[in-house]
Amino acid sequence: MSYKGFLSHSKVSKEDQEFYDLKNKAAEYYRSTGVPQKIENVLNEVFWQTPDDIYGYLVNYFSRLSYTPVISKITGREVFDGRGLTAVQTQVYCIIRKEEKIYSEIIHTFPLHFRAATSLSSGEHQHTAAPGNVCLIREQLSPMLQGFNPTDQTNMDKLLSDFFMARYLEYKDSLNREEEDELRNESVSEAPTPAPAPAPAPAKDKKGGKKGNNTEKPLPPAETPVPRLPGATAVGVDYLAVARTAARLLGEPLYRHITSVSVPQAQNKTHLTAPMITILSCGKNSAGKLNLLEEVILMPSSLQRVREVIGMGLELQCEMRRVLNGSAYKAGPIGVTDEGALQVGFERPEQALDLVTEACANLALPLGSDLRLAINCAAHGLMENSRGKYEVMSGCHKYPDELVDIYEGLINKYPAITSLIDPFRKEDVDQWERLASVIGQSCCLIADAATNLCPRWSEAKPLPSGVTRVIIRHHSDMTISDLIQNISQFLSSGPDHMCVCLKAVGSGVSFLKLGGLRGRERMDKYNRLMAIEEELEHEGILGTVLSFHTFNSGSGCDSVTIST
């Protein structure tokens, strides 16, 4: 007689009845969840496969059946980076198999261009920016992302972008109201102004001629900088921390996760980003008079391995130090910039370029064929608005048109120079166009500070005419989707951590500008780039990089570079 029949015809105790009901509930529960069938299946698999680690096999089997991990909370706190600057550390906690664990941790340093753009003093900025971002992460972003699937990167980016778009519009409206109030107050307190005095007669030069023959038309005023949203760094920290969490949960490197976001279809080859190595700096911060050569950069060809390029860069820096210690060059003291490059003071640009040429010749490096040079002029920092001229050397000022002639002379004398970065301000559009027509296809013009990269809620402005490449500095308030969208727009439409390598490889750019070969943080980036190259080669999916010999003859951009 069954237990059920026994209960139906016999008098049972209350405890037996409760136990019987509990058994029925348990059986119904496990039937509804399919647990007995799954256990039977995995036990059959274990029997037939006889794995060495039976319990490990069972763990992996049931792990695949567990719920999708979700974000439980995101924490932020103020820390200091390797240079003693204020940074924000973010930790992402996820619920996985009913346990809360830390799945990623990111330390984000405020970029130097963001520090320079702020209206606060350096000390005040360091003490106010980080706490504001930390507060935003804890009080708004963490509750908003709680329960979200971190592997859904596209929707995650949209959620963050929409959130900050609303904040940006509110912030912009507040700025507009402040400007209107200031104009209203000025109009009320404005007193009647006297009639303007007559313009003075044109001054004569020493030879009796008119000075107006050498004057040029007034320079266009500098564009109003786009206001940076307070707390914008929080979105950059969060998106990157969540992206790392997603990559870890999916069991793949971050660059592949970013590739899957940018190119959903599987690719047979992954094109590796070529490093641009800064080997020399002779800018305004150097000891000499020369200001024009902010960076002299080594650019490899598509046939060279990353390890080979880094080795040549290290040898070249050592050889330049040896040459400088001789008596041939009267240079200032040798230092190292924050970007890890040799910093030497010279009087003229030819001295710096002769040094690089001589060092390459001593090492038999193929300068001009497999190795080329790019010059970062950083002209936006050399303009003196009161004079309307660029201070190319201390005490030596040049009009924009005169600077065109200087660049033309350097390119003709040193044919290894194939790229000029920011030769003018972005406002000097006539000079950009004139220089592009003068140098032709022997040298390309790259926009860095002249690049108008914005989050998706801002209005991007066109590039100066003649620009064939752009450098992207990933803004703190841009998500992965924003970054990929900006890259794709430049490629199709035309005119301070290791993850920068992963973003560069994953988003498919041509070059990666990491700086010099000094400092632990920068060498970690170079080492990570070499590791990615080895991984891709081992798997047989390593593609070539876009050669810098190929220039676009039109007005569009044919290449994109990511910079730290």
Side-chain angles (χ1 to χ4, degrees), residues 83 111-117 122 222 276-299 313 316-317 320-321 324 329-357 359 373-385 387 389-398 400 402-404 406-407 409-411 414 416-426 428 431 435 443 445-451 471 473 496 513-519 522 561 563-564:
R83 293 178 294 176
L112 294 178
H113 59 84
F114 176 77
R115 296 172 184 271
S122 177
M276 296 173 63
I277 302 176
T278 303
I279 56 176
L280 190 62
S281 176
C282 310
K284 293 186 70 174
N285 294 327
S286 62
K289 292 184 178 181
L290 181 61
N291 299 330
L292 190 58
L293 305 187
E294 179 65 27
E295 290 179 295
V296 179
I297 303 170
L298 202 63
M299 297 183 66
L316 183 57
Q317 285 193 342
M320 286 193 297
R321 279 183 175 272
L324 286 171
Y329 291 89
K330 296 180 180 179
I334 303 174
V336 178
T337 65
D338 292 338
E339 288 72 30
L342 291 181
Q343 187 175 56
V344 186
F346 286 112
E347 305 297 315
R348 296 175 292 104
E350 290 81 3
Q351 292 176 303
L353 297 173
D354 287 340
L355 170 64
V356 176
T357 303
L373 295 179
I375 305 298
N376 183 8
C377 307
H380 53 279
L382 305 181
M383 170 59 70
E384 289 194 6
N385 294 323
R387 295 172 177 262
K389 298 180 180 181
Y390 292 97
E391 189 178 16
V392 296
M393 291 177 283
S394 297
C396 179
H397 299 79
K398 298 292 183 181
E402 294 176 314
L403 205 52
V404 173
I406 294 177
Y407 292 139
L410 290 176
I411 293 172
Y414 303 94
I417 300 176
T418 57
S419 300
L420 292 178
I421 303 174
D422 282 348
F424 306 100
R425 302 179 308 156
K426 59 184 174 182
D428 299 331
Q431 284 71 30
L435 180 60
C443 181
L445 302 182
I446 303 178
D448 184 359
T451 306
I471 291 180
R473 294 181 180 271
D496 272 280
K513 185 173 178 289
L514 292 175
L517 297 171
R518 290 290 187 276
R522 295 195 177 274
T561 300
S563 175
T564 54

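Below, all heavy atoms of this structure are taken into account, side chains as well, without hydrogens, waters or symmetry copies.
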Does the side chain to side chain contact (heavy atoms under 4.5 Å, CB included) test come out yes or no for L292 and I406, once each step is laid out? CA-CA 10 Å; L292 190 58; I406 294 177; 4.3 Å; yes
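- Rounding to the nearest 0.5 Å gives a distance of 8.5 Å between CG of L280 and CD1 of I375.
- In summary, of the residues considered (R518, E294, Q343, E295), a side-chain contact (heavy atoms from CB on, under 4.5 Å) with T337 occurs for Q343 alone.
- Every residue meeting the side-chain contact (heavy atoms from CB on, under 4.5 Å) condition with K289, not counting sequence neighbours, appears here in chain and number order: E347, S394.
- To the nearest 0.5 Å, atom NZ of residue K284 and atom CE of residue M393 are 14.5 Å apart.
- S286 is linked by a side chain to side chain donor-acceptor pair (under 3.5 Å) to nothing, counting only residues two or more places apart in sequence or in another chain.
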Show your reasoning for whether side chain to side chain contact (heavy atoms under 4.5 Å, CB included) applies to L293 and F346. CA-CA 10 Å; L293 305 187; F346 286 112; over 6 Å; no
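- Partners of R348 by salt bridge (Lys or Arg N to Asp or Glu O under 4.0 Å), not counting sequence neighbours, listed by chain and number: E350.
- Atoms CG and CG, from N291 and L382 in turn, are 6.0 Å apart once rounded to the nearest 0.5 Å.
- Within the 3.5 Å criterion, the main-chain N or O of L403 finds no donor-acceptor partner in the side chain of Y390.
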May I have the step-by-step check of side chain to side chain contact (heavy atoms under 4.5 Å, CB included) for V356 and Y414, ending in yes or no? CA-CA 11 Å; V356 176; Y414 303 94; over 6 Å; no
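- Residues M299 and S419 form a side-chain contact, since some pair of their non-hydrogen atoms from C-beta on lies under 4.5 Å apart.
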